[in-house]
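Just below is one structure, and these are the notes that go with it.
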Number of protein chains: 2
Amino acid sequence: MKPSSHLTDTSGYMLSKLGQATIEQFAQRLRPLGIRPKHCGLLAAIRHMPMTSQLALGQALNVVPSAIVTMIDDLEALGAIKRVADEADRRRYAIELTEKGAAMLQQATAIAQQVDESILAPLGKSERDTLRQLLKKLSTGLSQA
Amino acid sequence: MKPSSHLTDTSGYMLSKLGQATIEQFAQRLRPLGIRPKHCGLLAAIRHMPMTSQLALGQALNVVPSAIVTMIDDLEALGAIKRVADEADRRRYAIELTEKGAAMLQQATAIAQQVDESILAPLGKSERDTLRQLLKKLSTGLSQA
DNA sequence: TATTGTTATACTCTATAACTATA
DNA sequence: TATAGTTATAGAGTATAACAATA
């Protein structure tokens, strides 16, 4: 038998729909913090590679320079990050995560866990673990693309 | 131990990223057909509920009227669907899938299967089946929201 | 007065490209 | 001449709201 003779039964179709639903729910619950999902990825990247230049962050996230500047502007206005002048190269700013930014990332992570609870509700505990492992495998395949 | 103490390890985060990557790849391979991913969902809905009004299709897909009209315009220009005048209610058009539209849906389905092959490459056969079953469970939970 | 379809419009998002200041 | 950052601008996508025809 064919694995998925209907378009809407393909894994890709379901992944797209689920991903979209997830991000919408995440965005909604994130609203009180004044940020959007894209800012969260950036916050995580900043914590992971502290004191990095804006363009380097952009390359790591595959985001064009003008977009990174806007996001950094947003986060700076919220006090989540600071632009620290680089004395060696006065064109550069090193991006530093503030305490407030770290707290914000922690809150965002908690919200993401709540969204997981909501989205994964139809699955039992072991099923969730299985799903997470499978998604992890697929995600590592992504970064090579 | 906590299931996912990092934001980027949550299932929701991975679902979002994978869904986005999937839809981008789908869009790219779909380009030669002259349509976008959103048109495919509409084509599938039209086949599933033939001779339905535009607004009813919009409600089924959770799409606003103006957007449905534009998509129907696109598909009609490609010869994939026809607006059939409803003689009983002259405000309405019943949307009919043409042979060309059916062929287009079939091509789109084949492309979706190719995308599945590409995205699911890191998984073995039984893992893919497991994933599909889990995604199916989650997808049925979606429509209730 | 409500409903189907349509059009006009505004808004958001994102990317491209031009510009500055440094190197 | 090249690079980090910034700003200006244009494009696509989507939603809101006004509108015409019909019920």
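Values in this document were obtained by computation on a predicted structure and should not be read as measured data.
The pair B:Arg29-B:Glu24 does not count as a salt bridge, with every side-chain nitrogen at least 4.0 angstrom from each carboxylate oxygen. Ionic pairing of B:Lys82 and B:Glu76 is not present here: no N-O contact between side-chain nitrogen and carboxylate oxygen is shorter than 4.0 angstrom. The residues B:Lys137 and A:Glu127 are annotated as salt-bridged, a charged nitrogen and a carboxylate oxygen being separated by less than 4.0 angstrom. Using a cutoff of 4.0 Å between basic side-chain nitrogens and carboxylate oxygens, A:Lys136 and B:Asp9 are scored as salt-bridged.
Here the C1' atom of nucleotide D:dG13 and the CE atom of B:Met71 are 11 Å apart, to the nearest Å. Rounded to an integer number of Å, the gap from CZ of A:Arg92 to P of D:dG5 is 7 Å. What separates CD1 of B:Ile68 from C1' of C:dT3 is a distance of 17 Å, to the nearest Å. At whole-Å resolution of the value, CD1 in A:Ile35 and P in C:dC13 are 14 Å apart. What separates CD1 of B:Ile72 from C1' of C:dT6 is a distance of 13 Å, to the nearest Å. Atom-to-atom, CD of A:Gln54 to P of D:dT7 comes out at 10 Å; the value is rounded to the nearest Å. If you take CG of B:Asp89 and C1' of C:dA2, they are 12 Å apart, rounded to a whole angstrom.
OP1 or OP2 of C:dT6 sits under 4.0 Å from a side-chain N or O of B:Arg83. The side chain of B:Lys38 contributes an N or O atom lying less than 4.0 Å from OP1 or OP2 of D:dT14. Remark: A:Arg90 is not in phosphate contact with D:dT3, judged by side-chain N or O atoms under 4.0 Å from OP1 or OP2. Taking side-chain N and O atoms only, B:Arg91 has no distance below 4.0 Å to OP1 or OP2 of D:dA21.
Side chain B:Ser66 to base D:dT14: no donor-acceptor pair is found below 3.5 Å.
Nearest-nucleotide assignment on DNA chain C puts the 5′-proximal partner with A:Pro65, out of A:Glu87 and A:Pro65.
Counting any heavy atom pair closer than 4.0 Å across all strands shown, A:Ala94 reaches no nucleic acid atom. Across all strands shown, A:Ala88 has heavy atoms under 4.0 Å from sugar-phosphate atoms exclusively, and none from any base. Across all strands shown, A:Thr70 has no heavy atoms under 4.0 Å from either base or sugar-phosphate atoms.
One side chain, A:Ser118 or A:Gln25, offers a donor N or O that lies under 3.5 Å from an acceptor on the other.
Among the nucleotides D:dA4, C:dG5, C:dC13, the one closest to the side chain of B:Tyr93 is C:dG5.
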